[in-house]
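Input: a single structure, listed below in structure tokens.
The sequence lines fix the lettering, A, B, ..., with proteins before strands; numbering per chain opens at 1. Values reported hereafter were calculated over all heavy atoms of this structure, with side chains retained and with hydrogens, waters and symmetry mates removed.
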Amino acid sequence: VSEPLAPQQGPEIPEDIAEAPPTTVAARFDVMQRAGGILVPVITGIVAFLIGGVVIAATGHNPAQAYWDIVKGAGFNWLAHPWDTDIAHTAPYNFSQTLLQTTTLILCGLAVAFAFRCGLFNIGGNGQYLVGLICANWIGVSFVNMAKPAHILLGILVAAAAGAAWAGIAGFLKATVGAHEVITTIMLNWIAYWLGNYVFQQGGPLQAPKNVPLDIPISADVAHSAQLPVFWGIPALQGLHIGFFIAIGMLVVFWIVLNRTTLGYEVRAVGYNPAAAAYGGIRVRTNYLRAMAISGAFAGLAGGIDMLGYLHHFGTIDVQATSIGFLGIAVALLGRNTAVGVGLAALLFGGLVYGTTHGLQSGVIDPSLAGHLTEIIQGLVVLFVGADVLILAVWNTRRKVRRRAQPAAQPATETTS
Amino acid sequence: MSTYYAGNIERIRHSRLFEPKSIGVLGILLGVLAFWLAVPPITGRTIIWSLLVGILGALCGLIAVTRGERRVGWGAIAAAIIGIGLAELATRSSTGHLNQVWSASLIAQMLVFATPLTFGAIGGMFSERSGVVNIGLEGMMLMGAFWGIWGADKFGSWVWGLVVAAAAGGLLALVHAFFAIHLRADQIVGGTAVNFLALGITGYFFVQLYHGNNIPTGVSQIPDLHLTSDSNHSFFGNSFGSLNYMIWAAILLVPISYIVMFKTPIGLRIRACGEHPRAADTVGINVYLIRYCSVVLSGVLAALGGAFLTVGYLNTFNENVTAGRGFIALAALIFGNWRPFGAFGAALLFGLSTALAFRLPTYSDNAATLFQALPYVLTLIAVAGVIGRTIPPAAVGRPYKKQ
């Protein structure tokens, strides 16, 4: 993203201004990936959690106990005895709820990651998620007489299309007039926010008709024919729905599209170096639009699956509290924009989201307090991952040490290489 | 003799008054006037005068466009059309409704909403003019909002509240500056991180220090400056009579920052770092120092804007109280083309739209909610280049490495 905000048709930028060698985010991450592999994200995560622990300790709570309670709140202790799938027990139930959050985070993370691979920074995941959610609610409430699989399919597809269209606005502006996607997606986020407030408020188009005496603006529930089947737990208790498998499937789709198709090749080429890609005959502008639309489709899908899977209804207060789309940024960055990485990072943050809020039962730290710990850790992760120079410095010293050690051990290989 | 007169006429023709840009600005003002004629205190209950003035404004815009000032010219034409349209709506609605929505206190309220935006946008200007993108304005504003009211509560004086707010915002900006300048991290990713951090830190300490309840009442508040007696209900008295000190500070900040940025050596250095850091470095300017100072200053200013929100206006704090105002400030900065007066104008426009959104429920609840999205839509249109191009500093977002 090391390019000027907003259009680039201004004065020509002198060559020597940019000193950082790789220009796009994708190229930088490629360097990082080669530099540290899986080690770097793990260290990043550990450092972020350690600083979070310092904050907990500084405010007079026991950090070790707090983190252990969060682990239990997330249900990760269930992994020690996975044969117990009875959701009446705390650990399996919490873990199913963590997977519910993971489902959303995988898709939101993929949305950010796909744009990153094309050299674009999609901050608008939250807006695209909201738009998908609104559309899924509309479809789920309206077409009551449809058959079950068709209704679900329609809802999910419309949600994904809405997300794609919403991000597509940013992609279109980037492709045609060069408007910086960070600015446009931020603005689209807030437009979606007020759109959500509008459709769910009293008198809004999606406001439940019989809800007037309740005075809390909330939408109607989606019809039973549109609700995703639950395979672990019971629907009344927010069981884990088959959207989880859709998310896992999308991880595979993401990997195949990026690594095994022409489209993915072009997207990655533009991500590494737009000028070189254009020289090689790849249409850069088309790829910006395409990448943003696909990216938005992932986030819209997340909104649709959440709505049809376990939310079923939504209100203005929920719109104002929605921030899971932003977590996608941390998930993608920590997961190094790869399919496997995003899956693992989504599991970590999914656990963090549920384990610090609803799942947390702790005498040490209150859920209202711990919930903000997630935001602090999220911020730290994004901050450290952005600082690739730090990581490169570590990598370079490691290489220097290795080089110094090499000639002494095998002087013969020096001449051949 | 004749040459003397010709020279004089030449001089008049070439004076700034007849530049196409001035004509375009006149057109914009006429467009605003066209609307102004239809609302209180004038309330001309006829469209004719507005129509005439609006057409005059559009003509000015047309002249400006044909003479090459496209940005201002199209702006004038748009202002004229919108002015006439709004004037038509105003003449159709009842006088009672109009008086409710368009009272003199609207200006006061517009200034209240524009103040945090102005602080944020001017702060962002310093940072971005020096070459560091500041997406983190929202977070710095939020830090100022929380630590400002905490300081006012803890030390019993709003002055201390502002000091603590400035320190908190500056500290967060320092983190951003360190990652952006020394570690050469991606500035947009860093700014995003700063926003998350601020959200987490303020939320965490709000629960820790106040148990998530409201701030106790009676916290020292920034006082108002009473220019007129309270019984004075003239238009001027209602608009400017009792404004908060911070509002006047924001209004003063605009010309001061203009002078600093465009008329002093310091400003020249800041701009040089944002346009061509290598050249600046060559002539002996310490690029890192300038950038650090600018980013920290931007954090301090944004935090003061946030502090006004809690200590000066709401007198309480909620989680995420800024609710996107930092992003609107960023939008105002872009909308105002990275210039103080432009940013202030955009802040006033966005402030007005927020103030109107609070009054529009008189007409329709639904429209009022959608109206809140107006600043974002306008910015989207502005960056799309419909009304001319916004041109950021050339080196903004590019890390600089000393050689």
Report yes if the side chains of B:Phe196 and A:Leu380 come closer than 4.5 Å at any heavy-atom pair, otherwise no.
no
Classify the ring geometry between B:Tyr376 and A:Trp190 as parallel (under 30°), tilted (30 to 60°) or perpendicular (over 60°).
parallel
Side chain, backbone, both or neither: which part of A:Leu383 has an atom under 4.5 Å from a heavy atom of chain B?
both
Search all heavy atoms of A:Ile376 against all heavy atoms of B:Leu197 and return the closest pair with its distance.
O-CD2, 3.7 Å
Within the 4.5 Å heavy-atom criterion, are B:Phe179 and A:Phe384 side-chain neighbours or not?
yes
Measure the shortest side-chain to side-chain distance between B:Thr369 and A:Leu195 over non-hydrogen atoms and say whether it is less than 4.5 angstrom.
no
Assert top hit (heavy-atom pairs under 4.5 Å, partner chain B, pool A:Leu173, A:Ile191, A:Val382, A:Leu369) equals A:Leu369
Residue pair B:Tyr204 / A:His61: nearest heavy atoms and the distance that separates them:
OH-CD2, 3.9 Å
Starting at OG1 of B:Thr192, measure out to CD of A:Gln378 and round the result to the nearest 0.5 Å.
10.5 Å
Part of B:Gln187 lying under 4.5 Å from any heavy atom of chain A
neither
Could you give me the CA-CA distance, side-chain angles and deciding distance for B:Ile188 and A:His180, then say whether side-chain contact (heavy atoms from CB on, under 4.5 Å) is met?
CA-CA 11 Å; B:Ile188 291 174; A:His180 200 288; 3.8 Å; yes
Would you find more than 12 non-hydrogen atoms of other residues, nucleotides or ligands less than 6.0 Å from B:Leu268 atom CG?
yes
A:Gly379 and B:Ala193: which non-hydrogen atoms are nearest, and at how many Å?
O-CB, 3.4 Å
Would the distance check show the side chain of A:Glu375 and the main-chain N or O of B:Ile201 forming a donor-acceptor pair, the cut-off being under 3.5 Å?
no
Less than 4.5 Å to any heavy atom of chain B: does that hold for the side chain of A:Val199, its backbone, both, or neither?
neither
Quick one, A:Ile186 and B:Thr379 - any side-chain contact, counting heavy atoms below 4.5 Å?
no
Region of B:Phe371 that comes under 4.5 Å of a non-hydrogen atom in chain A
neither
Kindly give the heavy-atom pair with the smallest separation between B:Gln208 and A:Thr59, and that separation in Å.
NE2-O, 3.1 Å
What part of A:Ile123 gets within 4.5 angstrom of chain B, counting heavy atoms only: side chain, backbone, both, or neither?
side chain
Side chain / backbone / both / neither for A:Ile56 at chain B, heavy atoms under 4.5 Å
both
Examine whether an atom of A:Tyr193 lies under 4.5 Å from a heavy atom of chain B, and if so say whether it belongs to the side chain, the backbone or both; otherwise answer neither.
neither
Do A:Asn197 and B:Leu370 make a side-chain contact, defined as non-hydrogen atoms from C-beta onward lying under 4.5 Å apart?
no
Among B:Gly131, B:Gly324, B:Gly191, which has the most heavy-atom pairs under 4.5 Å with chain A?
B:Gly324
Contacting moiety of A:Ile329, where chain B heavy atoms sit under 4.5 Å:
side chain
Closest non-hydrogen atom pair between B:Leu199 and A:His372, with its separation
O-ND1, 4.2 Å
